[in-house]
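Single-structure report; data block below.
To find a chain, count down the sequence lines: A is the first, B the second, and so on, and within it residues start at 1. Because the structure is a prediction, the values reported are computed rather than measured.
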Number of protein chains: 2
Amino acid sequence: MTPTIKDVAAHAGFSIATVSRAINAPHTVNPITLDKVRQSIDALNFRPSPLGRQLRGERTRLIGVVLPTLANPVFAECLQGIDDLASAQGYRLMLMTTQYDVDRERHAIETLREHRVEGLILTVADADTHPLLDQLDRDGLLYVLMHNDTVRRPSVSVDNRLAAYDGVRRLIAHGHRRILMLAGSFAASDRARQRHLGYTQAMQQAGLTPAPALEVDFNAEELAPSVLAHLTHGANRPTALFCSNDLLAMVVMRGLRRARLSIPQDMSILGFDGLAMGELLSPALASICAPNREIGCAAWQRLLARIGGAREDRGFAATSLALTLPHSVREGATITALASQVDLDRASPAYGLAAPAATEKPFA
Amino acid sequence: MTPTIKDVAAHAGFSIATVSRAINAPHTVNPITLDKVRQSIDALNFRPSPLGRQLRGERTRLIGVVLPTLANPVFAECLQGIDDLASAQGYRLMLMTTQYDVDRERHAIETLREHRVEGLILTVADADTHPLLDQLDRDGLLYVLMHNDTVRRPSVSVDNRLAAYDGVRRLIAHGHRRILMLAGSFAASDRARQRHLGYTQAMQQAGLTPAPALEVDFNAEELAPSVLAHLTHGANRPTALFCSNDLLAMVVMRGLRRARLSIPQDMSILGFDGLAMGELLSPALASICAPNREIGCAAWQRLLARIGGAREDRGFAATSLALTLPHSVREGATITALASQVDLDRASPAYGLAAPAATEKPFA
DNA sequence: GTGAAAGCGCTAACAC
DNA sequence: GTGTTAGCGCTTTCAC
């Protein structure tokens, strides 16, 4: 069906070797021959199969990409960054998603290895303790992590601890004293743990008491009553929430609204990721921004450099491991400066009921 | 470096044929032999290379996916749907994005063909007139379109015309009379044109005058003054906007806010796509929902069916082409029922200036 | 400047 | 039940 190099050779009246040379080293073949061969190639619409080349021991020019999910735009943005560069440079991407499941991570890596990818770009649940990554190191299969925040392995990310620290300090500077951190599953994210460290440090440094992160179910339609209770009741209810990622922040914002709390008057919100979409919210989401697309690009470049390096000089591969890209804090209308204490108890009894779109503001 | 079937054969003391059989048809080999071979496989950590199999004329179990961009979650959601099923069924995805560029579409398709993908899942700019798709038809390479709304080719989408019709009728039912449609580049999207047809039909049926779609630059920070003028000035300024996709709707919402218009009091907004994120906005975005993930899943299933069909019975491949999935209209707070005419001229002089977060409402 | 032939990793006849 | 061998599409010596 698809023409092979043989068909071209027969059509042009030369050997397959000559056809191969006409493609890969045109200058070594007689211009007249070259012309004929090219005509045959066009006539048959022939494109050399990468399979043959790959099997011949050539480079596969295949890169494996392993991501937790595409439902979170953070990873879609990274992927877009990788694809832009990789495509332009003649590499193909093989994509697998893991849904934060370690078994699926294992399966993805194995599958991609079978396909003889030249390298891997991945975001895993927990980079430090990942046995498969050790295996990759042993086997000399090159990889670069994205977002995983570890100094032990080749990676590209922001300094999650520092970024969280900066963000929480901003909240403190705005007068907030009782700040709570919300996170999805800690188990699924070494980033979240780093961010909690930053939160803790900022709090302690300001003489405030950090709290354990409150775990929130991402996918639930409503905030769990237990969570909501934490946010609204009691003497130590927070005035600001630091959410370990933007998607979580948005879910929390919706939950708070349903509980008749207005943002930022009743509660300030700070996210993490810097999703473009956050700026389209109202109020616009304040967030600690990671340059997601650039992280993808940088991961690609590092991987390419390592691949290139490995081909010439195997020694220097391990020189620089973690690349830290600068983060920024995006101010947004979800944070308010605290003029006075806010009485949240007034609003809380209504949670769980349908709430009107407009919420009353306790002061203004 | 990576062990081959030869290494296993040598290690186990059998021929490569036996090793191959041990892998692909275990029941045909002596249990004792089988055991030894398996031990060698484990010992060497051998995984058969798909390359060899593929070259041998076997199925590549590779599927090409061609998408405009991952920056729009619509496509990320589709991709997630595809990946969930495809991975589970032992297929690999090769992904390329095109940025709505026809040249890149061509390049992507060619590249994926070289890799001998068994089929293609794609969203292209314009399905009907696409010469490359005709080429695929001629060459018998199977493909399924997503979102492209055409009856001429295998595709999975909602009925864009009907969906838009339904949505606009909803606006009309809420009392809106002057409704404008906003779109990104028409050239880049056959969907947008279908949606405009639906808009036109709904308007005419209600005895209203449809307008040509207003093209809006997606990526601009602010709405263009000319666009804003259309929305705010003149006797026939609209009371509702139908945006050809949710991302556009969000951008427009931001632009309107900056121009000191409040939503939905000054302007109702209806989007298209049903992005989950839209529900997290405030006010929650009303939208015509396409089941994006399901579209991805269905596209995958159709492709698989066609691949299976093509392998047995080449005749029936062309039976059913377009699959239309049901859409729904998601009510949201961005649409208000029109009690009276809204005086927008008051708000418009301020556009282009920084606007306060809270906007006054002309009535309430 | 060109062709013949080996071999990449694997499967599938075909022998034994 | 197991081994031998040809061949998938291609690149690359090595002759000529």
Item checked: Nearest-angstrom distance from the residue atom NE2 of H115(B) to P of dC10(D) -> 13 Å
Margin query: If I take atom CZ in residue R59(B) and atom P in nucleotide dT11(C), what distance separates them, rounded to the nearest angstrom?
Written below: 15 Å
Note to self: If I take atom OG1 from residue T111(B) and atom CZ from residue R104(B), how far apart are they, to the nearest 0.5 angstrom?
What the structure shows: 10.5 Å
Check: If you round to the nearest 0.5 Å, how far is CD of Q99(B) from CG of L67(B)?
Finding: 10.5 Å
Check: If each of V29(B) and R116(B) is mapped to the nucleotide of DNA chain D with the nearest heavy atom, which maps nearer the 5' terminus, i.e. the 5' end?
Finding: V29(B)
Notebook entry, point to check: Whole Å only: how far is the CD1 atom of I16(B) from the C1' atom of dG3(D)?
Noted result: 10 Å
Margin query: Can you tell me which residue among D137(B), D128(B), D190(B) is in a salt bridge (Lys or Arg N to Asp or Glu O under 4.0 Å) with R153(B)?
Written below: D137(B)
Next item on the list: Indicate, with a heavy-atom threshold strictly under 4.0 Å, whether S20(A) touches base, sugar-phosphate, or nothing.
Entry: base
Item checked: Interatomic distance where CD1 belongs to I41(B) and C1' belongs to dC10(C) [whole Å] -> 13 Å
Next item on the list: Would you indicate which nucleotide in dT2(C), dT11(C), dT11(D) comes nearest to any side-chain atom of N24(B)?
Entry: dT11(C)
Item checked: Euclidean distance, atom CG of residue L34(B) to atom C1' of dT2(D) [Å, nearest integer] -> 13 Å
Check: If you pin A17(B) and A17(A) to their nearest nucleotides in DNA chain C, which one's is more 5'?
Finding: A17(A)
Check: Below 4.0 angstrom from OP1 or OP2 of dC10(C), is there any side-chain N or O of K6(B)?
Finding: no
Notebook entry, point to check: Atom CZ of R61(B) and atom P of dT11(C): how far apart are they, to the nearest Å?
Noted result: 13 Å
Checklist line | Separation of atom NZ in K36(B) from atom C1' in dT2(D), rounded to whole Å | finding: 13 Å
Next item on the list: Compute whether any side-chain donor of one residue and acceptor of the other, for R53(B) and N24(B), lie under 3.5 angstrom apart.
Entry: yes
Notebook entry, point to check: Do the side chain of D83(B) and the main chain of T97(A) share a donor and acceptor less than 3.5 angstrom apart?
Noted result: yes
Note to self: Less than 4.0 angstrom between a side-chain N/O of S15(A) and OP1 or OP2 of dT2(C), yes or no?
What the structure shows: no
Note to self: Using the side-chain heavy atoms of S49(B), tell me which of these nucleotides is nearest: dG9(C), dA4(C), dC10(D).
What the structure shows: dG9(C)
Check: On DNA chain C, nearest-nucleotide positions of R21(B) versus P50(B): which is more 5'?
Finding: P50(B)
Notebook entry, point to check: Hey, is the side chain of R53(A) poking within less than 4.0 Å of OP1 or OP2 on dT11(D), counting only N and O atoms?
Noted result: yes
Next item on the list: Find the distance N30(B):CG to dG3(D):C1' and express it as a whole number of Å.
Entry: 15 Å
